[in-house]
Amino acid sequence: MYKIQPKTLFVGKNIVYLPSCHSTNDFASELIQNQQVFEGTIVITSDQTAGRGQRGNSWESQANQNITLSLVLKPSFLAAQKQFKLNIAISLGIHHFLNAFGLENLRIKWPNDIYVGDKKMGGVLIENSLAGSRISHSIIGIGLNINQSVFSNPSATSLKIATQNQENFNLETLVERLSESIEKYYLQLKTLDFQKQHAAYLDILFRFNQSHYFKKNDELFLGKIVDVSEQGLLIMEVNNNLQAFDLKEISYII
Ligand code: BTN
């Protein structure tokens with residue numbers, strides 16, 4: 001299973017397939033601790049039983065329907081304080097991959113949720129390990145809802161629902177295309193042309209430059225997203241002042 005042949009230099013060339021697994025991020029982390037893992041290795045499962053999301057949330061995914069994988073990268077060219085550049089490159093790679101399906105209003109919700117309209121199609125959990133002031137390796141956990149057609153969470157969607165496809169998508173083919181797309185943006189990141197990727201990220205950012213309500217400490221406020229800082233903080237214009245927020249501080253009202 002998962003015999004994929006992506007047209008890449010290294011991403012997806014080595015696949016660790018697990019029919020079932022608690023969390024591919026955790027499995028990848030254990031693998032790295034116990035053996036030499038090639039850059040570009042993908043740990044992938046058909047049935048993730050204890051998937052983890054951002055902010056300590058869980059990630060639910062019906063068995064055999066979706067993509068749940070972790071990609072191991074070694075971005076030692078990135079200084080620790082530039083970690084968010086990797087989030088940007090990965091977001092661009094996933095967005096480019098999904099864009100091929102002609103989805104309307106496909107956006108990245110800061111920092112790296114995949115949204116179609118007001119519904120979430122996927123999420124990314126990046127866990128970096130540092131060696132001194134550099135990133136030694138990074139585990140990029142990606143959950144993309146593909147063929148699942150029923151969700152307990154009304155704000156979730158899948159590629160099948162959003163494209164109104166009657167047939168199921170072939171997950172192996174999709175993982176090939178996804179690997180190619182991520183590698184393309186990762187190689188671009190390696191050229192250290194951060195400005196280009198930063199601008200491209202803002203271009204596809206959910207609710208960029210629009211006034212919307214957000215919540216902080218149970219209080220609603222009106223804010224306009226105007227940028228994302230070097231450290232990955234969300235920069236908003238609130239009452240004509242610029243304010244920076246981290247992920248734990250605020251939530252979107254959707
Ligand atoms: C989020 O939106 O909160 C991030 C979700 C990330 C889920 C993926 S599924 C594969 C990988 N393994 C995990 O345990 N989590 C990530």
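Note that the numbering runs from 1 along the sequence shown for the chain. Both counts, for ligands and for their atoms, begin at 1 and track the order of listing.
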Peer 1: For the residue pair Y186 and F10, categorise the inter-ring angle as parallel (less than 30°), tilted (30 to 60°) or perpendicular (more than 60°).
Peer 2: perpendicular
Peer 1: Could you please spell out the steps behind the side chain to side chain contact (heavy atoms under 4.5 Å, CB included) verdict for M236 and V226?
Peer 2: CA-CA 5 Å; M236 284 211 268; V226 293; 5.9 Å; no
Peer 1: What short N/O contacts, under 3.5 Å, does ligand 1 make with the protein, listed by atom pair and distance?
Peer 2:
{"from": "ligand 1", "atom 1": "2 (O)", "to": "K120", "atom 2": "NZ", "distance (Å)": "2.6"}
{"from": "ligand 1", "atom 1": "3 (O)", "to": "Q54", "atom 2": "N", "distance (Å)": "2.7"}
{"from": "ligand 1", "atom 1": "12 (N)", "to": "T24", "atom 2": "OG1", "distance (Å)": "3.1"}
{"from": "ligand 1", "atom 1": "12 (N)", "to": "Q48", "atom 2": "OE1", "distance (Å)": "3.0"}
{"from": "ligand 1", "atom 1": "14 (O)", "to": "S23", "atom 2": "OG", "distance (Å)": "2.7"}
{"from": "ligand 1", "atom 1": "14 (O)", "to": "R52", "atom 2": "N", "distance (Å)": "2.7"}
{"from": "ligand 1", "atom 1": "15 (N)", "to": "R52", "atom 2": "O", "distance (Å)": "2.7"}

Peer 1: Under 6.0 Å between the ring centres of H96 and Y185?
Peer 2: yes
Peer 1: Do F101 and F169 make the cut of ring centroids closer than 6.0 angstrom?
Peer 2: yes
Peer 1: Mind telling me whether Y201 and F84 have parallel, tilted or perpendicular rings, with 30° and 60° as the class edges?
Peer 2: perpendicular
Peer 1: Quick one: are the ring centres of F221 and F245 less than 6.0 Å apart?
Peer 2: yes
